[in-house]
Each structure stands twice: as C-alpha cells, then as structure tokens.
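For clarity, every value in this text was computed on a predicted model and none was experimentally measured. The first residue of the sequence shown is numbered 1, and numbering continues consecutively from there. Both ligands and their constituent atoms are indexed starting at 1 by order of listing.
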Amino acid sequence: MAKTAEYGLGEYTFPRGWFMVAASDEVTKKPIGVRFFAQDMVLYRGESGKAYIMDAYCPHMGTHLANNTTSYVVRDDSHVEGESIRCPYHGWRFGPDGKCDDIPYSPAPIPKAACVQTWPLEERAGCVFVWYDPENGTPDYDLPPFEEYTDPAWVPWKIDHLGELACHPQEILDNMADKAHLEPVHGSCDMQSFENQFNDHVIRQVLKAGHRTLASDGGDYMTNDTWYTGPGILQSRMIGEHPSLMLICHTPIDDGVVKVWHALLVKSPNAVANEDDVALARQYQESSRLAFAQDFEIWGNKRACIHPMMVQGDGPFHKVRIWYKQFYNPREKAQDFQKRANGTIVTKGTASEPWAKAS
Ligand code: FES
Ligand SMILES: [Fe+2]
C-alpha cells in the first residue's frame with residue numbers, strides 16, 4: 001500500500017491525534033506488546049488500575065519489556081510492581097513516567113538516560129486511547145465523551161476487533177466524502193440529502209437515505225450523522241430502525257497499515273436496558289459490522305488512489321484531503337489547513353438538491 005509521502009500529506013509519517021490502541025479488557029497487570037506508529041510499545045495496568053503505554057525496549061540492553069514468559073521476574077509476579085514495570089532481563093524497573101526507578105544490583109546512581117518514552121493514555125467507554133504527537137506536545141483537542149456508554153437506557157458495546165488492514169488511512173478518510181459509493185456498496189438507495197461539514201479538527205457527513213442492511217424493510221429512510229474527532233476516531237449516530245451510535249477506530253501500525261475496531265451502542269426502548277435489549281443490540285451491532293465489512297473489503301483489495309479522477313456527482317474528496325493534512329504537519333500549520341477546509345459542502349444529485357437546481 002502506498003505510503004504517507006506518496007499522498008503528499010505533510011512533514012510527518014503519522015498523524016497527530018487521539019487513537020485507540022486496545023479494548024480495556026485486554027490491558028491487565030500482565031504487560032502486552034503492541035505496535036503502533038512503527039514503534040513497538042508495551043501496555044499494562046498498574047496496581048491502581050490505571051493503564052500505561054511506553055516504548056517496548058529497555059535502554060539497558062534492548063530487552064522487550066513485555067514479551068517474556070520464562071524469566072523469574074515474570075514467574076515471580078514482579079513484572080508489574082505498584083505502577084512500575086520491571087525488565088525481565090536484569091530487573092531494571094521503570095515508572096509510569098518512563099524513568100528507571102530501580103536497578104536492583106547496582107549501588108551507583110541511576111543514569112539520567114535510563115528511561116523509555118511514554119505517551120498520554122486515556123480510557124473511556126471500554127477503549128484505551130493514546131495521544132500520539134510527532135512533536136511530543138500535549139493533546140490539542142479532547143477525546144469524545146461517549147456519554148451514552150454509561151446511560152442505563154443504552155446497551156454498552158462489545159468491541160469488534162477487525163484486525164489489520166493494509167490500506168493507508170487516507171483511503172479510509174476519503175469515505176467521508178464518498179456519496180457515490182453509498183448505493184452500490186451499502187444499498188443506500190433514494191438519497192435525500194448529502195452534506196459535509198468541516199470544522200477545525202472535526203469532519204462531518206450528514207446524510208439521509210434508504211439502507212438495504214440497516215433501515216427496516218419497509219424502505220424507511222435512515223438519517224446518519226457521522227463524524228471524525230481528529231484523524232482516528234469515527235462516530236456515527238444513526239436514526240434508523242433503532243437509534244444507535246457506531247464507533248470505528250483506526251490506528252496506524254506502520255506506514256500504510258492500520259489496525260481497526262468497530263462497536264455499536266444501541267438505545268433500548270426502556271429506561272433501563274434489559275436482557276432482550278442486549279440480545280437485540282448484539283444483533284444490530286452485527287448488522288452494523290457487516291455493513292462496515294462492505295467498505296473494509298474494498299479497502300483491503302484496492303490499489304492506492306493518489307489522485308481521484310473526479311466527476312460531477314462525486315463528493316468533496318479534495319477538501320477531505322486538505323482537512324486531513326492538518327494532522328501530518330506541525331501544529332503551528334494546522335490552522336492553515338483548517339481555514340482552507342472549514343465550511344459546509346452539499347453534494348448535489350439528491351432529492352433535496354436535485355441536478356435541476358445545480359446550474
Ligand atoms: S536489558 Fe533490561 S534490565 Fe538489562
Ligand atoms: Fe461506506
């Protein structure tokens with residue numbers, strides 16, 4: 001798959017932003033190795049329950065801090081102590097700030113360079129998110145609140161792990177403007193309206209159409225409000241057969257390869273969701289996952305599209321690509337891309353914006 005440089009996105013290989021790295025239930029006191037942004041990292045939970053992420057390799061002699069089952073450090077349950085993680089090789093221990101806080105056999109002061117890189121981590125709605133920033137700055141926007149996740153009338157999602165996709169995330173972001181794929185891929189017939197809103201770090205697609213998979217058989221219309229908060233977290237509020245909120249997260253593993261998750265919150269008709277509502281929500285999440293799998297299959301098999309061949313009726317791909325550049329460039333330049341993208345674009349060829357009115 002093509003690389004970031006081929007799309008001409010900017011100075012950095014990976015975008016700045018909040019990104020999912022795991023489901024909460026994967027992160028325990030037993031450290032795990034993960035790979036994102038072309039770096040091997042470890043994820044673990046300290047004894048307080050708080051989760052941490054740091055560079056995988058010990059500065060002493062390069063040992064992987066998580067991938068070990070046989071060292072007595074691991075077997076004696078001293079791999080995680082308090083909030084710190086101990087290297088399985090010679091037992092150096094690192095705190096959640098990445099600094100070595102114990103070298104068990106050396107009386108000498110701990111060298112300043114004995115530290116590993118860490119990244120800010122937040123846990124919300126059953127997901128663990130990292131703030132990735134090539135400039136190592138603090139977050140410049142907030143994680144979404146996912147308020148419905150804790151609302152008793154909503155059935156909390158179960159995370160679908162969709163695995164790796166060998167596709168540059170640019171091609172996934174393009175979907176936000178892709179009005180013309182909705183009918184052939186998803187069966188979204190009878191399009192009523194299609195609009196994109198660009199607002200700083202948020203991009204939105206608002207559409208009303210039929211949907212062969214998710215709307216009821218009677219041919220009802222679905223209203224979808226779909227938005228990215230930054231470059232890696234998509235939510236979609238669907239007013240269809242059942243009100244629901246979809247989550248799709250994709251995080252770069254290497255340049256041109258992403259890891260992808262999907263989940264769906266479903267509102268029950270009751271004040272407190274019961275067992276039947278949970279069963280129905282699981283079914284509905286599966287329909288939603290299958291609808292997303294239609295995009296996934298296209299992305300997994302296509303060649304890179306560096307320059308879309310645009311015709312009348314295509315959505316504003318060029319604007320999406322300008323918007324996306326803000327995350328691949330130093331933050332002092334982000335505003336320039338936001339200013340160029342901000343605004344609302346209606347794509348014509350719908351019931352509310354027919355071609356006849358387009359001239
Ligand atoms: S390599 Fe980690 S303590 Fe020696
Ligand atoms: Fe799609």
Side-chain angles (χ1 to χ4, degrees), residues 31 33 40 42 44 54-68 70-74 76 78-81 84-95 98-106 108 110-111 113-117 162 165 167 169-189 191 194 196 203-215 222 224-228 234-236 238 240 246-248 250 260 262 264 287-302 305 308 314-315 317 320 347:
D40 292 320
V42 296
Y44 68 95
M54 58 181 67
D55 182 13
Y57 297 113
C58 177
H60 180 217
M61 290 179 68
T63 295
H64 196 291
L65 292 174
N67 293 352
N68 187 287
T70 51
S71 163
Y72 279 108
V73 167
V74 176
D76 289 347
S78 47
H79 205 173
V80 170
E81 289 173 342
S84 302
I85 181 170
R86 200 178 276 287
C87 176
Y89 206 0
H90 313 97
W92 291 25
R93 196 179 65 184
F94 301 88
K99 289 191 183 133
C100 181
D101 59 14
D102 183 38
I103 300 178
Y105 57 86
S106 176
I110 296 172
C115 64
V116 289
Q117 186 175 4
L162 304 186
L165 181 64
C167 176
Q170 174 65 79
E171 309 263 345
I172 302 174
L173 262 296
D174 284 344
N175 202 40
M176 291 300 286
D178 199 348
K179 170 172 174 269
H181 92 294
L182 291 166
E183 183 159 1
V185 173
H186 301 293
S188 299
C189 43
M191 181 83 61
F194 186 93
N196 287 112
I203 180 176
R204 211 173 203 105
Q205 176 200 80
V206 184
L207 76 87
K208 189 174 171 193
H211 196 293
R212 292 218 316 227
T213 326
L214 294 176
M222 256 184 95
N224 281 34
D225 180 8
T226 304
W227 70 101
Y228 270 92
L234 173 145
Q235 293 175 84
S236 185
M238 292 181 276
M246 181 175 68
L247 174 73
I248 293 172
H250 51 84
V260 189
H262 164 271
L264 190 79
S287 306
S288 169
R289 188 189 67 77
L290 290 172
F292 182 49
Q294 294 171 311
D295 294 300
F296 209 83
E297 186 180 20
I298 302 268
W299 294 327
N301 289 286
K302 72 191 296 302
C305 172
D314 276 324
F317 292 110
V320 172
T347 303

Practice task
Using a strict 4.0 Å cut-off to heavy atoms of W92, name the atoms of ligand 1 that fall inside it.
Solution key: 3 (S)
Exercise for the section: For D295 and H181, test the side chains for any donor-to-acceptor distance below 3.5 angstrom and give the result as yes or no. Expected result: yes
Problem - Whether over 12 other heavy atoms sit under 6.0 Å from Y72 OH - result: no
Exercise for the section: Using a 4.0 Å heavy-atom threshold (strictly under), name the region of Y89 that reaches ligand 1: side chain, backbone, both or neither. Expected result: side chain
Completion exercise
Nearest non-hydrogen protein atom to atom 4 (Fe) of ligand 1, with distance, is H90 ND1, 2.0 Å
Handout entry: Opening angle between NE2 in H181 and NE2 in H186, taken at the Fe ion (ligand 2), to 10 degrees
Key = 90°
Practice task
Report the relative orientation of the aromatic rings in W92 and F94; use parallel for angles under 30°, tilted for 30 to 60°, perpendicular for over 60°.
Solution key: tilted
Handout entry: Metal proximity, C58 vs atom 2 (Fe) of ligand 1, N/O/S cut-off 2.8 Å
Key = yes
Practice task
State the CG-CG distance between L207 and N196, to the nearest 0.5 angstrom.
Solution key: 9.5 Å
Fill in the blank from the handout: For C87, the ligand 1 atoms with a heavy-atom partner under 4.0 Å come out as 1 (S), 2 (Fe), 3 (S)
Practice task
Identify, by name, the N, O or S atom of D295 lying closest to the Fe ion (ligand 2).
Solution key: OD1
Exercise for the section: Using the six-membered ring wherever Trp is involved, compare the ring planes of H64 and Y57 and label them parallel, tilted or perpendicular (cut-offs 30° and 60°). Expected result: perpendicular
Practice task
Would you indicate whether Q117, at its atom CD, is surrounded by more than 12 heavy atoms from other residues, nucleotides or ligands within a distance under 6.0 Å?
Solution key: yes
Handout entry: N, O or S of H60 under 2.8 Å from atom 2 (Fe) of ligand 1
Key = no
